[in-house]
Visitor: 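Below are the structure tokens for one structure; questions will follow.
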2 protein chains.
Amino acid sequence: MSRRSGSAPATTGEVLHLIRTGEAATRADIGRLTGLSRPAVALRVADLMDRGLVAEDTAGPSTGGRPPVRLAFNAAGGTVLVASLGASRTQIAVCDLSGAQLARTDLEIDVERGPGVVLPLIMDVWADLLGDRPAAGVRGAGLGVPATVEFAAGRTESARVMASWTGVAIPPLVAARYPVPVFVDNDVNVIAMGEHRAAYAREVRDLLFVKVSTRIGAGVVAGGEVLRGALGAAGEIGHIPVRDGGGVLCRCGNVDCVDSVASGTAILRDLRAAGRQVATLADVVTLVRAGDAETMAVVRRAGRLLGEVVASAVNLLNPAVVVLGGDVAERFQPLVSGVREVVHRRSTALSTRSLRIERSRLGEDAGIIGCALMVTDHILAPDTIDATPAREPAHH
Amino acid sequence: MSRRSGSAPATTGEVLHLIRTGEAATRADIGRLTGLSRPAVALRVADLMDRGLVAEDTAGPSTGGRPPVRLAFNAAGGTVLVASLGASRTQIAVCDLSGAQLARTDLEIDVERGPGVVLPLIMDVWADLLGDRPAAGVRGAGLGVPATVEFAAGRTESARVMASWTGVAIPPLVAARYPVPVFVDNDVNVIAMGEHRAAYAREVRDLLFVKVSTRIGAGVVAGGEVLRGALGAAGEIGHIPVRDGGGVLCRCGNVDCVDSVASGTAILRDLRAAGRQVATLADVVTLVRAGDAETMAVVRRAGRLLGEVVASAVNLLNPAVVVLGGDVAERFQPLVSGVREVVHRRSTALSTRSLRIERSRLGEDAGIIGCALMVTDHILAPDTIDATPAREPAHH
DNA sequence: GCTCTTTTGTAAATCCAACTACCTAAGTTC
DNA sequence: GAACTTAGGTAGTTGGATTTACAAAAGAGC
């Protein structure tokens with residue numbers, strides 16, 4: 001990673017990385033991989049064990065001599081507080097250091113009540129979810145919010161549905177009660193990162209995540225990092241126009257935005273116009289299951305229109321994978337087929353040569369997992385580990 | 001940069017960075033900024049002077065005591081070989097370490113003759129251009145090629161106009177004669193990086209460069225880095241379709257690709273269809289100067305159509321600046337106006353809040369400058385400096 | 001011209017981190 | 001169960017880089 005390529009000795013953070021990735025399972029492995037001497041390895045491992053990040057596992061199998069003590073990343077060595085705020089629902093959880101959920105509650109909170117109400121509520125839920133787990137074990141907090149976020153400061157810039165949240169710096173509010181690093185990002189960015197890290201990180205460094213739900217948004221992972229843009233507004237594909245949209249007026253004032261012709265809202269509208277009795281997406285699912293031709297056609301057309309925009313994005317970004325998520329994409333195979341059809345027709349040959357277009361693997365857990373990984377990614381990064389002293393230099 | 005934020009002492013590379021950026025101009029400055037002791041500073045500066053990267057300048061003004069010896073980045077401390085290969089023309093130059101051109105030749109080479117012919121020719125020109133300058137002073141080489149490039153290996157993947165160049169790993173071929181680091185990238189990426197580093201780097205980290213010439217392409221700088229995508233094909237916007245293109249058949253087989261309706265080729269075709277006698281873009285320039293209404297309309301329409309694609313890209317990437325380059329964009333103000341008009345109408349409010357849309361500042365030098373900066377960026381990066389020993393440990 | 005201030009250089013001392021060398025632990029193999 | 005093999009720990013030594021302390025250079029101010 002950030003190793004000074006020459007011959008600088010491996011740092012504690014790099015040793016943790018070897019253990020986390022499974023490249024090294026014993027002290028001897030670490031010595032072989034890094035070229036570090038036994039004492040140096042022992043020092044770093046002891047440091048990591050002091051911090052609770054690494055644990056000695058059962059003894060491994062002998063290969064003819066003393067069996068090695070297996071080292072493993074200690075996911076239980078700390079907890080991460082996460083919350084994924086949505087327009088309709090907020091998911092709140094406590095995760096371990098691997099991002100696995102230890103406890104979770106989904107709440108119907110009216111986010112419009114503003115950060116002064118919602119954040120304390122979330123923090124109370126965190127306290128509940130922590131239960132007996134020591135508060136000192138909390139290593140960080142991560143929130144995904146349906147707004148544009150200036151990531152470095154964790155400040156919401158412009159909220160799509162939460163006017164009361166515009167311009168709020170969230171980390172200080174959380175850190176006042178939980179004095180740990182706090183990370184905040186846009187909800188779709190968080191999901192994109194979650195999908196990437198949890199399902200694709202080993203194979204892929206460039207991923208486009210498209211969320212199709214009530215609205216349409218995207219998150220871009222480029223070169224392994226979330227692409228945020230100048231104001232944190234990257235990925236706002238909802239108001240890119242499509243061709244042959246039929247002249248639908250979008251609430252943004254333009255016509256034929258992909259949001260207005262291919263979102264869940266648009267599908268419901270089109271089905272009602274076709275005389276179908278659909279109140280919610282669940283009704284659409286029923287019609288699809290029943291094999292209703294009109295419904296299939298509407299969904300597939302939405303997929304094709306969305307595919308146009310995805311094709312443009314594929315040409316521009318050249319991702320290795322396009323992941324379609326959000327409740328609409330996750331439930332409707334015809335939509336995914338429609339996207340595939342158009343992308344392979346309209347993107348350049350090179351961009352689609354090895355392009356995969358898939359449905360979300362994480363589903364509705366993506367937000368929670370993404371938030372947790374956003375935190376652990378920073379907290380366990382070699383640079384962060386190396387910048388943090390092993391233990392307090394002076395006690396006072 | 002990659003400084004282990006804690007309290008690790010500043011490295012030689014970081015000291016060079018301070019001097020290059022002008023943050024520190026004397027040894028005392030460096031001591032103050034880094035917290036390093038005088039001997040430690042002296043050691044690093046001596047190292048940099050040994051390498052020829054830093055030179056003692058005139059003595060600075062005294063502030064009441066001994067006047068400081070001013071330190072300056074020594075751009076003359078080495079040379080960089082650069083070449084920007086184009087379909088119609090190849091620019092070849094020798095630059096100093098600041099990217100300034102020391103000598104340059106533009107050639108009409110038929111790149112189709114293949115790397116076996118063209119590369120030796122370029123290397124001969126470099127030898128000519130170097131003249132009396134010592135070959136040992138060559139620190140690196142950089143090439144921009146009109147092809148998709150796998151950057152890490154410097155291998156061309158898919159060549160747009162140069163079938164004979166497909167799948168060629170260029171660095172070994174150059175390094176055989178000039179044993180220095182060799183960097184190769186797509187021509188538009190190189191120009192985008194050049195514009196960013198040379199004109200915008202201090203203010204902006206996200207930039208979209210669009211080249212409008214015979215064809216249309218783009219280079220993306222995201223978070224200060226060139227975005228390359230999974231196969232190095234990012235930025236291929238030429239075959240994104242526009243709405244209301246009129247059903248023009250593009251050579252890619254689809255209709256209404258922006259390349260087929262807004263490129264230089266398309267403008268010439270449309271003017272001819274309108275009865276204008278235009279052989280080259282120079283004729284179009286004449287007509288624009290003469291204020292020909294039809295010509296203005298055609299160019300402006302091309303701008304508007306291009307603007308649609310740029311607007312989509314702006315929504316997706318949220319750049320701080322859009323730079324329009326290539327000979328068409330550089331010569332035709334109406335095209336730029338057309339882009340501006342549509343982008344501000346069709347991109348989301350947040351993305352355009354502080355968006356600037358400008359013509360290239362570097363013009364036809366962009367390729368050369370970009371190539372030089374691509375090399376110096378790597379060669380002078382703190383990590384590279386620190387990974388390179390000061391002088392040979394053993395002579396043999 | 002003398003003193004003060006600021007900058008830079010040099011040498012001895014110190015500190016920190018890693019290494020070598022030696023030792024113990026705990027298996028397998030015969 | 002004796003010898004071999006591999007893993008892991010400990011202590012003194014070594015090496016490199018940095019710092020402190022001491023000096024010297026070079027101009028400003030009086």
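Convention: sequence-line order gives letters A, B, ...; per-chain numbering from 1.
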Visitor: Please give, in whole Å, the distance from dT10(C) P to R27(B) CZ?
Guide: 10 Å
Visitor: Under 4.0 Å: is that the gap between some side-chain N or O of R70(A) and OP1 or OP2 of dA7(D)?
Guide: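 Negative; the distance criterion is not met.
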Visitor: Is any NZ, NE, NH1 or NH2 atom of the basic residue among R228(B) and D206(A) found under 4.0 Å from an Asp or Glu carboxylate oxygen of the other?
Guide: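 No, this pair does not count.
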Visitor: Which of these nucleotides, dA18(C), dG9(C), dT19(D), is closest to any side-chain atom of A40(B)?
Guide: dT19(D)
Visitor: Please give, in whole Å, the distance from dT18(D) C1' to L36(B) CG?
Guide: 8 Å
Visitor: Does R32(A) place a side-chain N or O at less than 4.0 Å from the phosphate oxygens OP1/OP2 of dA7(D)?
Guide: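 It does, given that an N or O in the side chain of R32(A) lies less than 4.0 Å from OP1 or OP2 of dA7(D).
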Visitor: For a quick test of reading the model: is some side-chain N or O of R44(A) closer than 4.0 Å to OP1 or OP2 of dA18(C)?
Guide: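 Answer is yes, contact under 4.0 Å.
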Visitor: So does R32(B) pair up with E23(B), basic N to acidic O under 4.0 Å?
Guide: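 Here R32(B) does not pair with E23(B) in a salt bridge, since their nearest N and O are not under 4.0 Å apart.
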Visitor: Applying a 4.0 Å non-hydrogen cut-off, can you work out what V69(A) is touching in the nucleic acid: base, sugar-phosphate, or nothing?
Guide: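 Since only primed, P, OP1 and OP2 atoms lie under 4.0 Å of V69(A), the category is sugar-phosphate.
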Visitor: What class does the angle between the rings of F183(A) and H378(A) fall in, given that below 30° is parallel, 30 to 60° is tilted and above 60° is perpendicular?
Guide: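 F183(A) and H378(A): parallel rings.
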Visitor: What's the CZ-P distance between R38(B) and dT20(D), to the nearest Å?
Guide: 9 Å
Visitor: Measure from CG on D29(B) to C1' on dT8(C) and round the result to the nearest Å.
Guide: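 In whole Å, dT8(C) C1' and D29(B) CG are 13 Å from each other.
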Visitor: Do you know which of T376(A), D377(A), I369(A) makes side-chain contact (heavy atoms from CB on, under 4.5 Å) with R197(A)?
Guide: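 The option that passes is D377(A).
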Visitor: Whole-Å distance between dA17(C) P and D386(A) CG?
Guide: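 Taking atom P of dA17(C) as the reference, CG of D386(A) is at 13 Å.
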Visitor: Take atom CD of E14(A) and atom P of dA18(C), then tell me their distance rounded to the nearest Å.
Guide: 12 Å
Visitor: Could one point to a donor on the side chain of R66(B) or the base of dT7(C) with an acceptor on the other under 3.5 Å away?
Guide: yes
Visitor: Write down the distance between CD (E56(A)) and C1' (dA25(C)), rounded to a whole number of angstrom.
Guide: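 Distance check: E56(A) CD to dA25(C) C1' gives 13 Å.
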Visitor: Which one, dA18(C), dT20(D), dA7(D), comes nearest to the side chain of P68(A)?
Guide: dA7(D)
Visitor: Please report the distance, rounded to the nearest Å, between CG in L43(B) and C1' in dA17(D).
Guide: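 One finds 8 Å between C1' of dA17(D) and CG of L43(B), rounded.
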Visitor: Want to settle it: does P39(A) or P67(A) sit nearer the 5' end of DNA chain C, counting the closest nucleotide to each?
Guide: P39(A)
Visitor: Are there more than 12 heavy atoms of other residues, nucleotides or ligands under 6.0 Å from atom CZ of R205(A)?
Guide: no
